[in-house]
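Okay, structure first, notes after.
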Protein chains: 2
Amino acid sequence: MATIGDVAREAGVARSTVSAVLTGRKYVSPEIRERVDAAISELNYTVSARARALATNRTMNIGLVVHFHEAEFAPALSTYITAISESAGNHGYRIMLLTGADAPEDIRRAIAEGVIDGLILLNVVEDDPRLAPIREARFAAVAIGMPSNTDGIDAVDLNFEEAARRIVQRVHEQGGKHIALLGWPQEVYDSGATYATRFRDVALASAQALGLPLDLYSLSVTPSEVREQLHALLSQGNHDALVVHNDAAIAMLPLALRDLPTPHPYVISLHSTELARLFQVPFDAVESEPELSSAAAVDLLVARLNDGDAPFARQLIDAVVREASAD
Amino acid sequence: MATIGDVAREAGVARSTVSAVLTGRKYVSPEIRERVDAAISELNYTVSARARALATNRTMNIGLVVHFHEAEFAPALSTYITAISESAGNHGYRIMLLTGADAPEDIRRAIAEGVIDGLILLNVVEDDPRLAPIREARFAAVAIGMPSNTDGIDAVDLNFEEAARRIVQRVHEQGGKHIALLGWPQEVYDSGATYATRFRDVALASAQALGLPLDLYSLSVTPSEVREQLHALLSQGNHDALVVHNDAAIAMLPLALRDLPTPHPYVISLHSTELARLFQVPFDAVESEPELSSAAAVDLLVARLNDGDAPFARQLIDAVVREASAD
DNA sequence: CTGAAAGCGCTTACAG
DNA sequence: CTGAAAGCGCTTACAG
């Protein structure tokens with residue numbers, strides 16, 4: 001591997017001059033710059049990230065903390081991972097995966113060893129244990145998901161409140177009178193996953209404001225189980241509108257409805273574009289775009305990295321209404 | 001951040017002595033070691049990965065090259081990513097994501113910049129363009145998937161041939177007389193994804209050897225489409241045995257069969273444990289375990305990193321037969 | 001068994 | 001505008 005010294009010799013300049021053209025932080029006369037560039041391509045030189053990291057105290061790596069829950073039905077997860085990696089690449093950063101079972105310790109070590117410049121956390125919950133090591137180290141980090149306390153970190157999340165409001169409003173416009181909210185398993189609500197509780201609470205409030213009764217059902221996320229539950233629930237025929245916030249349920253719903261006599265209830269769901277694409281969800285929907293949240297998270301982190309003293313941000317991303325294609 | 005110099009001062013020894021206890025490559029008397037250890041925890045010292053990488057010429061990072069195909073139904077993908085990250089962690093390595101649209105260039109740059117020690121490639125196909133930059137640089141890499149030419153790289157893959165043999169044999173034992181092989185979309189076979197062709201070819205050969213007619217069907221990977229296709233195919237009632245090699249098809253099959261009069265054909269499928277878990281597949285199956293292939297890939301890479309001159313390996317992992325639970 | 005010195009390949013004040 | 005020198009924080013021969 002050629003080094004900066006080889007390039008300097010080849011170009012007949014000092015090493016610091018080569019470094020100047022590499023970093024672009026200093027004026028270098030066009031003629032010299034040209035000679036250096038020629039030497040670089042002649043020798044097929046690439047700056048060593050290792051040496052640069054040591055000298056600049058920056059790795060140009062972003063740690064991505066992701067914990068895969070055993071029993072989760074999360075088709076959008078890999079979309080988030082790629083989208084974040086993609087966005088990071090656009091800013092010159094690479095993604096380093098942090099997947100240790102003991103996430104806080106994993107984070108602590110990554111920070112201490114200095115392998116990353118900043119962190120992005122996926123699926124942050126209300127009282128997330130991964131935030132402590134970040135605050136202790138005063139490290140740059142952005143949460144995807146909304147912790148109750150955002151001191152010391154930036155946060156991006158879908159605007160679940162707005163989504164809930166729009167969905168209930170829409171049910172109302174469609175003439176729905178009696179809503180069933182098909183939500184996540186009870187554990188999800190209990191685990192402090194605020195995306196679940198925030199949506200539920202605002203949906204309840206909005207329905208009440210409109211005088212619409214709304215019954216809450218926590219469904220499974222296992223496709224076969226959810227199918228049974230849907231079948232049981234729907235055959236009662238008590239509801240003329242279904243608000244769905246449960247990926248497995250919306251994926252299975254078309255099949256469950258097939259077994260039932262028409263007319264079917266009005267259905268509207270909150271899910272990701274990824275899920276919609278995969279399962280071709282045939283209902284009205286409010287969709288989150290993982291790419292958008294991912295890009296926003298990376299942007300926030302890069303901004304933080306460039307200005308550590310900026311006020312901490314809490315950014316809410318609006319979901320997009322999509323009407324079912326006629327079929 | 002404390003440095004090795006601080007630790008040396010605190011412990012009253014030379015910096016090289018601290019380094020010796022850190023690396024463990026040299027004998028250090030117990031008393032000295034203890035003093036050093038005390039100083040380390042006193043100062044809360046962690047070795048700088050940046051400095052170590054520059055000095056040792058190793059980053060302890062593994063690049064994971066993964067390309068997410070837009071229209072793919074691949075629930076096991078995130079399982080692979082985690083499992084690889086987990087296994088890497090067990091060997092002291094971290095995973096760096098390489099997801100650039102121009103994968104060969106992405107690989108070339110990562111190698112040249114020296115940000116990784118080795119590579120793991122996911123979903124390697126027959127004539128994979130990502131192998132060229134690796135061979136050029138004589139870089140350590142293991143493919144998951146079987147390229148036609150494995151010069152210069154190690155490869156791990158499921159033993160699709162064996163899986164096909166066992167599956168057809170099993171159909172025979174179950175009394176199946178006329179098989180439908182429900183496979184991947186035609187594009188998959190055409191793209192050089194050897195997992196598809198290898199399974200298909202051996203299944204055909206095995207069936208022929210047993211005198212069993214086997215009809216081939218390329219199905220969609222979009223759940224709703226596949227459901228229609230299954231319905232159309234099954235209502236003909238021409239086959240008494242279904243061999244499935246298509247994740248979307250096996251996921252939708254239980255629902256498709258529900259609409260049909262019994263008796264149902266005998267069904268056996270090749271898929272991942274991940275898919276089985278997610279969709280609770282109720283049929284006999286031969287299952288691949290992403291965790292196993294992932295661990296094998298990491299093991300191979302670590303071995304390669306420790307001995308660059310070992311002969312290149314092609315490792316086939318056997319899938320596991322799992323009988324449907326009675327229901 | 002321990003320690004002083006050089007080196008990994010960059011960047012960045014600082015002189016000139 | 002350019003170049004010589006120090007420094008980033010480690011590891012690793014090499015003396016002693």
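Below, chains carry the letters A, B, ... as their sequence lines are ordered, and counting in each starts from 1. These numbers come from a predicted model, not from an experiment.
Geometrically, A:Arg58 does not engage A:Tyr93 in a cation-pi contact, judged by NZ or CZ lying under 6.0 Å from the ring centre and within 45° of the ring axis. Under the 6.0 Å distance and 45° angle rule, B:Arg304 counts as a cation-pi partner of B:Phe312.
The CG-P distance, from B:Asn57 to D:dT12, rounds to 11 Å in whole Å. Rounded to an integer number of Å, the gap from A:Leu43 CG to C:dC10 P is 12 Å. Summarising the geometry, the separation between CG on A:Leu54 and C1' on D:dC8 is reported as 4 Å, rounded to the nearest angstrom. One atom, CG of B:Leu22, and another, C1' of D:dC10, lie 9 Å apart when rounded to the nearest Å. One can place CZ of B:Arg52 at 18 Å from P of C:dG9, the figure rounded to the nearest angstrom. Counting to the nearest Å, the P atom of C:dG9 and the CD atom of B:Glu113 are 16 Å from each other. The separation between B:Ile40 atom CD1 and D:dC10 atom C1' is 13 Å, rounded to whole Å. Atom CD in B:Glu34 sits roughly 13 Å away from atom P in C:dT2 (whole-Å rounding).
Within 4.0 Å of B:Ser29, counting heavy atoms only, lie sugar-phosphate atoms of the nucleic acid but no base atom. Residue contacts for B:Arg15: at a heavy-atom cut-off of 4.0 Å it reaches a base atom on one of the strands shown. Contact annotation for A:Ser19: base contact, defined as any heavy-atom pair under 4.0 Å involving a base atom. Using a 4.0 Å heavy-atom cutoff across all strands shown, A:Ser16 reaches at least one base atom of the nucleic acid.
Both A:Ile32 and B:Lys26 sit near DNA chain D, but only A:Ile32 has its closest nucleotide nearer the 5' end. Each of B:Tyr27 and A:Met1 has a nearest nucleotide on DNA chain C; the 5'-most of these lies closest to B:Tyr27.
Contact check on B:Arg94 versus A:Glu113 returns a salt bridge, with a Lys/Arg side-chain nitrogen under 4.0 Å from an Asp/Glu carboxylate oxygen.
In this structure, A:Leu122 CG and A:Ser294 OG are separated by 7.5 Å, a value rounded to the nearest 0.5 Å.
Contact annotation: B:Arg25 reaches the phosphate of D:dT12 (side-chain N/O to OP1 or OP2, under 4.0 Å). Put simply, B:Arg50 has no side-chain N or O that comes within less than 4.0 Å of OP1 or OP2 on D:dC10. Between A:Thr17 and D:dT2 there is no side-chain polar atom (N or O) within less than 4.0 angstrom of OP1 or OP2.
Under the Watson-Crick and G-U wobble criteria, each requiring two contacts below 3.5 Å, nucleotide C:dT2 is paired to D:dA15.
Taking the side chain of A:Val28 as heavy atoms from C-beta on, and the options C:dT11, D:dT11, D:dT2, the nearest nucleotide is D:dT2. The listed nucleotides are C:dC8, D:dG3, D:dT12; the one nearest the side chain of A:Val13 is D:dG3.
Distance alone, capped at 3.5 Å, is enough to place a donor-acceptor pair between the A:Arg35 side chain and the A:Ala11 backbone.
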